[in-house]
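Letters A, B, ... are given to chains in the order of the sequence lines, protein chains preceding strands, and every chain is numbered from 1.
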Amino acid sequence: VICSNALGVVVSLERETTCEEFAKRVDGFLDGEIDAHAMRAMALHAGSCASCGGDFDRAEALQGLIRSTVLAEVDRIDTSQLWSGIEARLEAPRRGVLAGWRLRGSRERRWLSPVPALALGGALAALLALYAWPTTRPTESIAVADNHAQIERIESTAQHVAVWSEPREHTTAIWVASYEPEAAP
Amino acid sequence: VRAMVPPTRRWIVPLAVLLCALALRLALADEVALHVRTVLATESGSDFDNRLVGLRRQLRGLFHYSSYRLVKDEERHCPLGLKNNFEIPGGRFLEVMPVALRDDRVRLRVLLIEGTSPPPLDTDFTVPNRGNIWVGGPRNPDGALLISIGAEATQ
């Protein structure tokens, strides 16, 4: 703290930083994490103490080296395939029914309001409910006697493409590879 | 009563009923259970993974490898028209989309994706409901990968 006394003489009340304090706070000083007064005191000490100044210079050089090494490594990372990899894992979004209704709301309000909305809504709901009524379907899992697949289209960039089936259940196999299907019939 | 209800709120109740009916319809939409099993087949040893017992006849009938081990088994329920990506060992993906259910058969569109190169397989086919098909060939350091794609209508 610097202030002037009644006679106008500038007096420094700031306590000088010791080597021990410098060593304790040098990391915060390097990273700029200490307050301005402490920064100033540390800088003054580093400038006046050859030993602490030398330690600080070495620490600063090391920090610079680490930073440049990390940045160089980061620059070497190939991120060109990153998005395609993420995109391949993404599933198509489910259709937002409510969002769609909300968007269309203002447009529909124009033609819905003049008509007897209660009757129209009720009739539509009844029709949809009837359409959506569950029907009985078999869900039990049983083995299929004839498991043959009907292939409608095959496109491949592989060098070897083969399709065959086994004789019992006619299960089908599609072979796509850059090598011969050595262990296939 | 009609006169007491503000005109703008008159159709809120039927709209709510309509939305419920729509939600019910979506919930009951045709759904397919997709079952993708990835098997590592090698010509060393004679191990047969116990988890593949139900597929033993198919594997023995279709391929001549000496050892089979299940490396991935995944089942998903999804509505028709929705693409599903199944991760296959070795940085590959199998994109399976159930397209239609007809005459107790499930129509599927399948793409095998390896990196950013054109897909080694892009195919449309039908399998019987609760049936399956095998896709083989992708290399693995220890052998070849055989992928069973099964489909079952659940609604």
Query raised in the report: Taking all atoms of both residues into account, what is the closest heavy-atom pair of A177(A) and G137(B), and its distance?
Result: CB-O, 3.7 Å

Query raised in the report: Would you say T171(A)'s side chain and Q58(B)'s backbone share a donor-acceptor pair under 3.5 angstrom?
Result: no

Query - R105(B) side chain near Q150(A) side chain, heavy-atom distance below 4.5 Å - result: yes

Query raised in the report: If you look at every heavy atom in P120(B) and V176(A), which pair is closest and at what distance?
Result: O-CG1, 3.7 Å

Query raised in the report: OG1 of T123(B) to CD1 of I151(A): how many Å apart, nearest 0.5 Å?
Result: 5.5 Å

Query - chain B contact residues among residues 50-59 of chain A, heavy-atom distance under 4.5 Å - result: none

Query raised in the report: Counting N and O atoms only, with roles assigned by atom type, does the side chain of D122(B) sit under 3.5 Å from a partner on the main chain of I154(A), one being a donor and the other an acceptor?
Result: no

Requested in this report: Give me the contact list for residues 110-119 of chain B versus chain A, heavy atoms only, anything under 4.5 Å, ordered by residue number.
Outcome: L112(B), T116(B), P118(B), P119(B)

Query raised in the report: Looking only at atom types and distance, does a side-chain atom of N147(A) sit under 3.5 Å from a main-chain N or O of N132(B), one as donor and one as acceptor?
Result: yes

Requested in this report: Could you tell me which residues satisfy ring pair (Phe, Tyr, Trp, His ring centres under 6.0 Å) with H45(A), sequence neighbours excluded, listed by chain and number?
Outcome: F22(A)

Query raised in the report: In residues 89-98 of chain B, which residues are in contact with chain A at a heavy-atom separation under 4.5 Å?
Result: F93(B)

**Report entry** Between CD on residue E155(A) and CG on residue L121(B), distance to nearest 0.5 Å
**Finding:** 9.5 Å

Query raised in the report: Do you know which of A33(B), G54(B), G131(B) has the most heavy-atom pairs under 4.5 Å to chain A?
Result: G131(B)

Query raised in the report: Is it the case that one hydrophobic cluster holds both F86(B) and V99(B), taking links as side-chain heavy atoms less than 4.5 Å apart, direct or via other members?
Result: no

Report task. Report the distance from atom CD1 of I133(B) to atom OG1 of T172(A), rounding to the nearest 0.5 Å. Result -> 5.0 Å

**Report entry** Over 12 non-hydrogen atoms of neighbours within 6.0 angstrom of CZ in R153(A)
**Finding:** yes

**Report entry** Sidechain-backbone polar pair: W164(A) side chain, L62(B) backbone, donor-acceptor under 3.5 Å
**Finding:** yes

Query raised in the report: Does any heavy atom of chain A fall under 4.5 Å from the side chain of L146(B), the backbone, both, or neither of them?
Result: side chain

Query - Neighbour count above 12 (heavy atom, 6.0 Å) for E73(A) CD - result: yes

Query raised in the report: In terms of side-chain geometry, is the basic nitrogen of R60(B) or E166(A) positioned less than 4.0 Å from the acidic oxygen of its partner?
Result: no

**Report entry** Toward chain B, the part of R89(A) with a non-hydrogen atom under 4.5 Å
**Finding:** both

Query - T126(B) and E152(A), any side-chain heavy atoms less than 4.5 Å apart - result: yes

